[in-house]
Amino acid sequence: MFSHRPALSSTLALLGGATLMAPLTAQADALEQQRQDLEGFQIIAHRGASGHAPEHTWPAYDQALAMGADYLELDVHMSADGQLIAIHDTTLDRTTDGQGPVKDHDLDELKTLDAGSWFNEAHPEHANDAYAGAELLTLDEVIDRYGQDVRYYIETKSPKDYPELQDALVSKLEADGLVQSGSVVIQSFSQASLKEVHDLNPDIPLVQLLWYSPSEDGKTLEEWTGVTPSPADITDADFQAIADYADGVGPNYLYDGQPVIDADFIDQAHSNGLLVHVYTINEKDQMRQLLDWSVDGLFTNFPDRLKDVREE
């Protein structure tokens, strides 16, 4: 896999120089190690251990890591003053006591919000008084806390709303050494977003998200953004078009409880050099099925469950 990616060794040959060779060789080793690791199975903690704690908060991230997650998944929006904010929704209403679009509030305003109490109300079986008052987090804060000891799986959210998002994100990841250390994957439903990231830094592994649901007539499936035809009609050329800029695909497994992809879809993606990371799988029987189909990773709200299944 990843044969379509430019080898960093060619960059070394072009740059040369004794003063550059050691750090660049270390960077090449780190990137190669990440790519080798990605060819194994990855537990991707969806918004942290979001089945156990409020998504995108310290309790969710800390628990995910304690449960053996290989990657912390983060969704990134931008505040009115240009800060990268870890939150899934475009608006604040579902997961905080605030209202309206994230982009309409500056960081100081966002930091006053309670991003934890909603979870206790929605999931009383997992409620914890300590979750009340949890803050929204910036990407800066997350990286400051975990550094290069953790791998991050970052989704660019609503990139049309934030034209500067890709540049700000890549600049931040490069400045903190996360690209060079093989510590980050970027995903998006937006082809344009991923292609821009690829142009900014081709060493970042990229995953094209896919969402399959029934067409209006209900006779076939269609992909939400039109990136591919239905899984039944997808061709090698469709996968190769994705492989021109990305390292993998991230499809949904189910729609309304019914599978939308199968083992053939996964095999075809693999034969075209693409990883397959499926979302969002929380039931053990579904985890086992997808592991049997040789997926390369699963997004889950319960990384402890997935770790148990992987070790069976």
Side-chain angles (χ1 to χ4, degrees), residues 1-5 35 38-39 41-42 44 46 73 75 88-90 153-161 165-166 185-199 202 204-283 285-300:
M1 294 181 186
F2 309 121
S3 58
H4 59 283
R5 282 297 198 186
R35 296 188 185 282
L38 281 169
E39 293 186 18
F41 182 79
Q42 304 299 304
I44 307 161
H46 184 239
E73 194 243 5
D75 302 290
H88 176 270
D89 295 5
T90 303
Y153 206 120
I154 300 175
E155 181 177 349
T156 59
K157 301 293 289 188
S158 303
K160 289 183 178 180
D161 291 339
L165 176 62
Q166 287 75 219
V185 171
I186 292 178
Q187 62 177 339
S188 187
F189 285 101
S190 168
Q191 272 188 318
S193 177
L194 291 177
K195 288 179 177 180
E196 183 175 348
V197 171
H198 178 70
D199 289 342
I204 301 174
L206 305 177
V207 170
Q208 175 67 62
L209 291 172
L210 304 169
W211 172 255
Y212 294 112
S213 61
S215 58
E216 286 189 12
D217 62 15
K219 295 181 180 179
T220 187
L221 295 170
E222 59 185 10
E223 202 283 314
W224 174 42
T225 63
V227 173
T228 77
S230 72
D233 297 324
I234 199 165
T235 67
D236 288 345
D238 296 316
F239 280 120
Q240 282 299 312
I242 294 172
D244 284 343
Y245 61 90
D247 299 282
V249 291
N252 57 315
Y253 172 45
L254 302 173
Y255 180 85
D256 198 23
Q258 298 300 311
V260 296
I261 61 167
D262 57 17
D264 289 341
F265 177 97
I266 293 162
D267 289 344
Q268 190 176 5
H270 283 163
S271 70
N272 284 281
L274 291 167
L275 300 167
V276 182
H277 292 165
V278 180
Y279 67 94
T280 300
I281 311 302
N282 294 320
E283 301 304 323
D285 59 338
Q286 296 170 10
M287 294 172 182
R288 293 186 186 101
Q289 176 68 84
L290 288 159
L291 281 166
D292 286 345
W293 290 349
S294 300
V295 296
D296 304 288
L298 294 177
F299 294 83
T300 182

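Hydrogens, waters and symmetry mates play no part in the numbers below; they use all other heavy atoms, side chains included. Numbers here are sequence positions counted from 1.
The shortest distance between side-chain heavy atoms of Gln191 and Thr225 does not fall below 4.5 Å. Using a 4.5 Å cut-off on side-chain heavy atoms (C-beta onward), Leu38 and Val185 make contact. Side-chain contact between Val295 and Phe41: present, with at least one pair of heavy atoms (C-beta onward) separated by less than 4.5 Å. Using a 4.5 Å heavy-atom cutoff, the side chains of Gln289 and Ile281 are not in contact.
Atom CD1 of residue Ile204 and atom CG of residue Leu194 lie 10.5 Å apart, to the nearest 0.5 angstrom. Here Asp75 contributes atom CG and Ser188 contributes atom OG; the two are 10.0 Å apart, rounded to the nearest 0.5 Å. Put simply, CD on Glu223 and OG on Ser230 are 11.0 Å apart, with the number rounded to the nearest 0.5 Å. A distance of 4.5 Å separates CD1 of Ile44 from OH of Tyr153, quoted to the nearest 0.5 Å. Distance check: Asn282 CG to Met287 CE gives 6.0 Å after rounding to the nearest 0.5 Å. Atoms NE2 and CD, on His277 and Gln208 in that order, are 14.0 Å from each other to the nearest 0.5 Å.
The minimum heavy-atom distance between Pro229 and Tyr212, with the atom names listed, is O-CE2, 3.5 Å. The two atoms that bring Ala246 and Leu274 nearest to each other are O-CD2, 3.7 Å, heavy atoms only. Taking all atoms of both residues into account, the shortest heavy-atom contact from Val207 to Gly250 is CG1-N, 3.6 Å. Taking all atoms of both residues into account, the shortest heavy-atom contact from Pro205 to Asp247 is CA-OD2, 3.0 Å. The shortest heavy-atom contact between Leu206 and Tyr245 is CD1-O, 3.3 Å. Smallest separation of non-hydrogen atoms from Leu275 and Glu39: CD2-CA, 4.4 Å.
One N or O on the side chain of Ser215 and one on the backbone of Thr220 form a donor-acceptor pair closer than 3.5 Å. Side chain of Gln240 to main chain of Asn272: a donor-acceptor pair is present (N/O by atom type, distance under 3.5 Å, no hydrogens or angles).
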Let's go through Ile242 and Thr228 carefully: what are the C-alpha distance in whole Å and the side-chain angles of both, what is the deciding distance for side chain to side chain contact (heavy atoms under 4.5 Å, CB included) to 0.1 Å, and is it a yes or a no?
CA-CA 9 Å; Ile242 294 172; Thr228 77; 3.9 Å; yes
Does the pair Thr90 and Lys157 meet the rule for a side chain to side chain contact (heavy atoms under 4.5 Å, CB included), with working shown?
CA-CA 8 Å; Thr90 303; Lys157 301 293 289 188; over 6 Å; no
Could you go step by step and tell me if Tyr279 and His46 meet the side chain to side chain contact (heavy atoms under 4.5 Å, CB included) rule?
CA-CA 8 Å; Tyr279 67 94; His46 184 239; 5.7 Å; no
Intermediate values then yes/no, side chain to side chain contact (heavy atoms under 4.5 Å, CB included), Leu221 and Gln258:
CA-CA 12 Å; Leu221 295 170; Gln258 298 300 311; over 6 Å; no
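Checked against the 6.0 Å centroid threshold, Phe265 and Tyr253 do not count as a close aromatic pair. Ring to ring, Phe189 and Trp211 are not that close: their centroids are 6.0 angstrom or more apart.
Checking Asp296 against Gln42 by side-chain atom types alone, no donor-acceptor pair falls below 3.5 Å.
Considering Lys195, Glu196, His198 as possible partners of Gln166, the one that fulfils the side-chain hydrogen bond (donor to acceptor under 3.5 Å, both in side chains) test is Glu196.
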